[in-house]
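In what follows, a single structure is set out as structure tokens and then discussed.
Whatever order the structure lists them in is the order used to number ligands and atoms, beginning at 1. Residue indices begin at 1 and follow the sequence shown.
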Amino acid sequence: MTPRLCPSILSCDPSDFLTPIREMKAGGADLIHLDVMDGSFVPPITFGADLAGSLVRQGLGPVEAHLMIVEPERHLASFVQAGCRRVVFHAEATAHSHRLIQTLKESGVEAGLAINPGTPIDAILAVAGDLDLALVMTVNPGWGGQRLIESCVEKVRALRHACPDLPIQVDGGVDDRTIGALWQAGATDFVAGSHLLRRPS
Ligand code: DX5
Ligand code: ZN
């Protein structure tokens, strides 16, 4: 599988998302990763479908929304409407992951299912045949700049073993020191945030 780069704007200055996004696209980004947080599933609040729609309209997509929100079923339509290429929601946030995957795919949007570090891969295996992407969180969601949790690399390896053809995304603590092991373990889609904003000293 071809690796895909999905830079996150979470750690960018919120008063100017456009400059770093243009740089990310020029640097080879495949999708712009929007970390949507609701202050409930995770403590911080970030941004929503309006930002996704604005980026798409300005030709700065494709955009993927990583929904760290409770009851994602209440908000899927707005992200579809915004023109997201892919919407990723959390298995822990809904009792209806299969139905939401169906809803997204019927809307012509790629469906991704995410699991936290404390959630077993079974949540993904149950619906793997219907998924476009599995997101194995490699930190506890909510904040950029955290260190990758090593045990999550083994979850990626186990999921790759069980699902040889499923695109697997990793998110959290991805940088030039960790990306090699994640690729070796079977990840295909790489989210990186804070590492991209580090300037060489
Ligand atoms: C964490 C977010 C990540 C975050 C990654 O909740 O889902 O996308 O931005 O940030 P880094 O690359 O700094 O770990
Ligand atoms: Zn994310």
Between Asp38 and His75, is there a side-chain donor-acceptor contact under 3.5 Å, judged purely by atom types and distance?
no
Please find the N/O/S atom of Asp171 nearest to the Zn ion (ligand 2) and write down its name.
OD2
Tell me which pairs pass ring pair (Phe, Tyr, Trp, His ring centres under 6.0 Å) where either residue lies in residues 134-186, with sequence neighbours left out.
none
Between Lys105 and Leu131, is there a donor-acceptor pair closer than 3.5 Å when you use the side chain of the first and the backbone of the second?
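A pair under 3.5 Å: no.
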Side-chain donor-acceptor pairs of residues 40-51 under 3.5 Å, sequence neighbours excluded:
| unit_1 | atom_1 | unit_2 | atom_2 | d |
| --- | --- | --- | --- | --- |
| Thr46 | OG1 | Asp35 | O | 2.6 |
| Thr46 | OG1 | Met37 | N | 2.8 |

Check: residues 118-130 side-chain donor-acceptor pairs under 3.5 Å, at least two apart:
| unit_1 | atom_1 | unit_2 | atom_2 | d |
| --- | --- | --- | --- | --- |
| Thr119 | OG1 | Glu92 | OE2 | 2.6 |
| Asp130 | OD2 | His98 | NE2 | 3.2 |

Angle at the Zn ion (ligand 2) between ND1 of His66 and OD1 of Asp35, to 10°?
90°
Close side-chain approach of Leu135 and Met137, heavy atoms under 4.5 Å
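The answer is yes, as the side chains (C-beta and beyond) meet within the 4.5 Å cut-off.
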Same apolar cluster (I L V M F W Y, side chains within < 4.5 Å links), Val36/Leu10
no
Counting only heavy atoms and a distance below 4.0 Å, can you name the residues contacting ligand 1?
Ser8, Leu10, His33, Asp35, Met37, His66, Met68, Met137, Pro141, Gly142, Trp143, Gly144, Gly145, Asp171, Gly172, Gly173, Val191, Ala192, Gly193, Ser194
